[in-house]
Amino acid sequence: MYKTAFPYLFSPIKLGNTVFRNRIFAAPNGFHHLTPERFPSAESIAFFERKARGGVAAVTVGEAIVDTKTGQAHAYQMVLDNELALPHIAAYAIAMTKHGAIPSIELMHCGMFSHYVYEKGLPLLGPSETFLPDVHKVNNDGHETKASEDGMRHIYEMTEEQILALAASFGKAAAFVKRCGVGMVMIHAGHGWALSQFMSPHFNTRKDRWGGSLENRMRLPLAVIESVRKAVGPGFPIEVRISADELTPTGYGLDDGIKIAMILDGKVDLINTSVGNHEFIESNIYTHPSMFLEDGCNVKYAAEIKKYVKNTPISTVGALSDPAMMEEIIASGKADVIQLGRQTLADPDFPFKARIGKVDEINTCLRCCLCYASGVSFRQRCCSTNPEIGHEIETKFDIPPAHKKTVLIAGGGVGGMQAALTASRRGHNVILCEKGDSLGGVLKCEKDVSFKKHLDEYLKRQALLISRSPIEVRLNTIVTPELANSIAPDVIIAAMGSRPLIPKIPGINGENVIGAEEAYYNLVKVGQKVAILGGGLVGVELGIHLAENGREVTIIEMMPVLNDGGNMVHANALGIKIAERGIKLALTTKAEEINRKGVIGQNAEGTKLYEADTVIYAVGQSPLFDEANALRFCAPEFHQIGDCLTPKNIQSATQAAFTASRDIGKY
């Protein structure tokens with residue numbers, strides 16, 4: 001008899017009349033790839049199906065709009081008020097069900113933040129009359145939006161008739177998706193959307209029966225639940241997502257969150273306890289926990305609510321990736337269900353790996369938020385460390401290579417390791433050479449950074465997987481043309497990386513000047529007062545690390561803003577940390593000279609000395625292009641990937657490695 005290490009996590013749970021195979025649910029992800037009518041596309045269905053194949057008990061589609069005439073925030077949200085969506089939603093339901101997962105859809109109305117409605121010339125409706133800054137100048141179709149004359153958007157207080165119509169729209173949508181074959185619905189009553197706007201004293205200042213006391217503010221969510229229950233009938237699972245704590249100065253706190261859950265107790269089948277409000281950056285970093293927060297940072301809210309809710313199971317969500325932690329949460333009674341969001345992108349096979357005992361092969365989420373940022377900026381799904389995400393159709397129908405090749409990989413960093421693993425899994429003979437004494441590349445320098453522990457785990461896990469594969473690893477080995485000619489490979493993949501750019505500033509060779517990599521490796525070399533040249537991600541994250549270790553940090557950047565590398569979500573978390581740690585910023589400032597006292601900078605205010613015991617340069621990377629180019633004609637097939645071509649980020653390197661390796665063997 002097989003004995004799993006996580007019996008509580010893999011025990012079934014019954015919600016309504018439906019049995020769920022374990023306690024791991026895939027939390028809502030919004031749709032991005034949609035048909036022109038905003039129905040699920042084949043790409044989106046494949047994305048969600050990949051989670052079902054991995055063994056989760058339920059897969060929830062997020063941001064499905066119950067009334068597009070009044071409640072749509074942007075153009076990339078699935079619509080539920082169009083009968084023609086039926087075959088598309090049914091295809092999604094079938095794709096989940098055939099793998100044993102329960103398909104679920106999040107029913108949502110955006111209320112006063114229904115910006116797409118406004119952009120179509122329709123009024124914005126909210127719990128109370130108010131005005132919003134007119135910040136959305138370009139709509140989601142890329143067309144310029146006519147701004148209001150006074151720069152504000154008028155939010156109209158919903159009439160009772162409109163409130164009742166809103167409740168009815170949830171019921172109608174629930175009945176529709178049930179008819180499509182969906183097995184559960186999640187009512188979104190959190191994060192600052194329509195229902196939570198009525199629940200929150202920050203947004204709801206009404207004086208009638210829909211506002212004022214908590215009981216009155218809960219009247220709409222209860223009306224929605226009643227409408228949905230009437231539509232789907234008894235026994236059909238209904239989940240409600242709430243913010244247990246809005247984490248805002250003017251919203252409700254955990255005490256009211258507990259009361260809200262107690263009001264919902266017995267009226268739904270699962271209470272999903274999230275936190276936060278999307279309109280407040282300081283709150284939103286807990287809704288989508290950043291890498292600066294501890295693992296399972298939001299479990300405490302579910303645990304507190306569970307003390308008071310007697311009849312309804314509770315789920316928890318946020319920064320969870322360790323099956324042992326999840327087992328303890330269920331076993332100790334802190335929650336009944338674990339909701340995984342970004343972790344299902346980092347490793348869709350998380351449930352299967354945990355159940356069969358391959359915990360050390362689980363790819364844990366870095367919480368870098370690139371997936372979120374890519375979704376917002378490009379409406380594309382991706383993961384920094386899992387290159388399969390966004391390419392689920394390709395990998396689902398993957399064809400083995402027609403010809404097995406000998407592949408020589410130069411460089412054992414992020415790109416090189418991924419290339420080796422992908423090529424080996426496809427049956428090629430792989431030789432991986434690394435000039436250093438261990439795999440991992442330049443990012444090994446961040447192994448002692450408190451908020452980068454999952455990055456260190458990732459690098460070690462990739463090395464572990466390589467050790468368990470038939471890959472020949474040669475450490476302390478530089479791939480030269482001579483070595484390549486002696487091996488005579490069919491394919492060379494150059495993944496040699498880059499080296500730090502050294503700015504041409506007088507004094508850059510001084511004894512008090514070091515590069516970012518050296519600062520990471522040798523913290524003892526860094527003095528009390530530090531000036532960092534460069535306000536990109538490397539400089540900012542290094543500054544936070546140094547500040548956490550007691551240094552006084554000033555970041556000097558020539559541009560008027562810090563460079564977030566296109567990841568505005570992570571940038572929000574960085575901004576909060578910069579403020580928390582008292583890091584000083586010298587923006588629009590050019591470093592003119594470095595001396596023993598620090599950096600002389602020039603800006604619009606004139607010349608200033610930024611005192612520093614140590615000056616650290618972090619102004620970018622220069623690709624090892626020439627070293628890679630020397631190997632270009634040492635094999636019939638050649639691929640140059642990652643930083644030795646164009647320095648970018650982890651996702652770019654892993655994606656290039658994955659794609660290049662999958663292309664090998666066609667001829």
Donor on one side chain, acceptor on other, [X] and [Y], under 3.5 Å:
X	Y	answer
R379	H33	no
S128	T205	yes
Q602	T589	no
T364	E457	yes
Q655	T659	yes
Q77	E63	yes
D295	H454	yes

Would you call the rings of [X] and [Y] parallel, tilted or perpendicular, where under 30° means parallel and over 60° means perpendicular?
X	Y	answer
H188	H191	perpendicular
H288	Y372	perpendicular
F113	H278	perpendicular

Does the pair K577/E580 count as a salt bridge with the N-to-O cut at 4.0 Å? yes
Less than 4.0 angstrom from a charged side-chain N to a carboxylate O is my criterion; do D456 and K444 meet it? no
Could you please spell out the steps behind the side chain to side chain contact (heavy atoms under 4.5 Å, CB included) verdict for Y458 and T654? CA-CA 12 Å; Y458 163 69; T654 57; 3.4 Å; yes
Donor-acceptor contact below 3.5 Å, side chain R551 vs main chain N549: yes
Side-chain (E557) to main-chain (V561) donor-acceptor, under 3.5 angstrom: no
Could you tell me if R381 sits above the aromatic ring of F47, with its cationic atom closer than 6.0 Å to the ring centre and no more than 45 degrees from the axis? yes
Check this for me: K120, atom NZ, are more than 12 non-hydrogen atoms of other residues, nucleotides or ligands nearer than 6.0 Å? yes
More than 12 non-hydrogen atoms from neighbouring residues, nucleotides or ligands closer than 6.0 Å to CZ on F280, yes or no? yes
Run the side chain to side chain contact (heavy atoms under 4.5 Å, CB included) check on Q72 and C110 step by step: do they pass? CA-CA 6 Å; Q72 191 169 2; C110 300; 6.0 Å; no
Pairs meeting criterion side chain to side chain donor-acceptor pair (under 3.5 Å) with involvement of residues 522-541, two or more places apart: K452-E541, E518-K525, K529-E611, E541-H570
Please test M558 against L587 for side chain to side chain contact (heavy atoms under 4.5 Å, CB included), starting from the C-alpha separation and ending with a verdict. CA-CA 6 Å; M558 293 179 64; L587 302 176; over 6 Å; no
Identify every side-chain donor-acceptor pair in residues 497-515 under 3.5 Å, counting partners at least two apart or on other chains, and give the distances.
unit_1	atom_1	unit_2	atom_2	d
S498	OG	Q621	NE2	3.0
R499	NH1	E627	OE2	3.4
N512	ND2	N595	O	3.0

Answer with yes or no after comparing the ring centroid distance for H74 and Y116 against a 6.0 Å cut-off, counting only values under it. no
Given the rule in the side chain to side chain donor-acceptor pair (under 3.5 Å) test, do E246 and S200 qualify, once you have shown the distances and angles that lead to the verdict? CA-CA 8 Å; E246 288 196 281; S200 173; 2.7 Å; yes
Can you list the residues that meet the side chain to side chain donor-acceptor pair (under 3.5 Å) rule with D347, with sequence neighbours excluded? K353
Which is it for Y156 and L124 under the side chain to side chain contact (heavy atoms under 4.5 Å, CB included) test, yes or no, and what are the steps along the way? CA-CA 6 Å; Y156 295 90; L124 288 173; 5.6 Å; no
